[in-house]
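Below you'll find the structure, written out as structure tokens, and then a few comments.
Bear in mind that the values here come from a model prediction, so they are computed numbers and not experimental data. Just so you know, these numbers use all the heavy atoms, side chains as well, and skip hydrogens, waters and symmetry mates.
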Amino acid sequence: MQEPFNKINSQSKRGFKIADHIRKTVSEIVRAKVRDPRVKTVTITDVEITYDITIAKVFYSVYPWSENNLKDAHVGLRSAKKFIRMQLGKELTCYRIPELTFKLDTSLDHGDRINELLTRVS
């Protein structure tokens, strides 16, 4: 049985195109249309979609990185989720508009940790 959130971009060109289009569109919506000041520090980094395009997991990062900014961004995105999905529906040409779930992208933090460890070794 396959995981529902394996990245489709390695499975099909169509899935990759849809996920990338969702990433670009949600990023533009958050940047230009959401008026909540809590999400102004948010950058959309990646999107994973299920095989049937019913759920899109949207990864975001926050700069500057602080506990207060992380909490504000999470609450702001959660409160703007319906608006973002409605705007996404106007832009997508798919039959279904996926439900959005927002997840903090910690890959940048992991990369910084690896760089720090490599610096210590050399």
Item checked: Single-linkage hydrophobic cluster Leu77~Met86, side-chain heavy atoms < 4.5 angstrom ->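 Per the 4.5 Å side-chain linkage, Leu77 and Met86 are co-clustered.
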Next item on the list: Give a yes or no on whether Leu70 and Val75 share a hydrophobic cluster (residues Ile, Leu, Val, Met, Phe, Trp, Tyr; joining criterion: side-chain heavy atoms under 4.5 Å apart).
Entry: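 Each belongs to a different hydrophobic cluster.
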In Å and rounded to the nearest 0.5 Å, what is the [atom1] to [atom2] distance from [X] to [Y]?
X: Thr50; Y: Arg96; atom1: OG1; atom2: CZ; result: 8.5 Å
X: Arg38; Y: Arg78; atom1: CZ; atom2: CZ; result: 9.0 Å
X: Cys94; Y: Ile53; atom1: SG; atom2: CD1; result: 5.0 Å
X: Lys57; Y: Asp46; atom1: NZ; atom2: CG; result: 10.5 Å
X: Arg113; Y: Asn115; atom1: CZ; atom2: CG; result: 11.5 Å
X: His74; Y: Lys103; atom1: NE2; atom2: NZ; result: 8.5 Å

Under 6.0 Å from the [atom1] atom of [X], do we count more than 12 heavy atoms belonging to anything else shown?
X: Glu67; atom1: CD; result: no
X: Lys71; atom1: NZ; result: no
X: Phe83; atom1: CZ; result: yes

Of all heavy-atom pairs between [X] and [Y], which one has the smallest distance, and what is that distance?
X: Val42; Y: Ala73; value: CG2-CB, 3.6 Å
X: Pro98; Y: Leu92; value: CD-CD1, 4.0 Å
X: Asp36; Y: Ser79; value: OD2-OG, 3.6 Å

Pairwise side-chain contact, [X] with [Y], heavy-atom cut-off 4.5 Å (strictly under):
X: Val47; Y: Val26; result: no
X: Arg85; Y: Ile97; result: yes
X: Val58; Y: Ile84; result: no

Checklist line | By salt bridge (Lys or Arg N to Asp or Glu O under 4.0 Å) - contacts of Arg35 (at least two apart) | finding: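 Expected list: none.
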Check: Is there a donor-acceptor contact under 3.5 Å linking the side chains of Asn69 and Thr41?
Finding: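 Per modelled atom types, Asn69 and Thr41 side chains form no pair under 3.5 Å.
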Notebook entry, point to check: Regarding Ser66 and Asn68, is there a side-chain donor-to-acceptor distance under 3.5 Å anywhere?
Noted result: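 Asn68 and Ser66 do not have a side-chain donor-acceptor pair below 3.5 Å.
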Can you list, pair by pair, the side-chain donor-acceptor contacts under 3.5 Å of residues 27-34, counting residues two or more places apart and other chains?
residue, atom, partner, partner atom, Å
Glu28, OE1, Arg31, NH2, 3.0
Glu28, OE2, Arg31, NH2, 2.7
Lys33, NZ, Gln87, OE1, 3.3

Margin query: So that I can tick it off, tell me whether Asp20 and Arg23 are bridged by a salt bridge, with the cut-off set at under 4.0 angstrom between side-chain N and carboxylate O.
Written below: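 Result for this pair is yes, salt bridge flagged.
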Check: Do Thr45 and Tyr60 pass the side chain to side chain contact (heavy atoms under 4.5 Å, CB included) test, and can you show the C-alpha distance, the side-chain angles, and the key distance before you say yes or no?
Finding: CA-CA 5 Å; Thr45 58; Tyr60 67 93; 5.6 Å; no
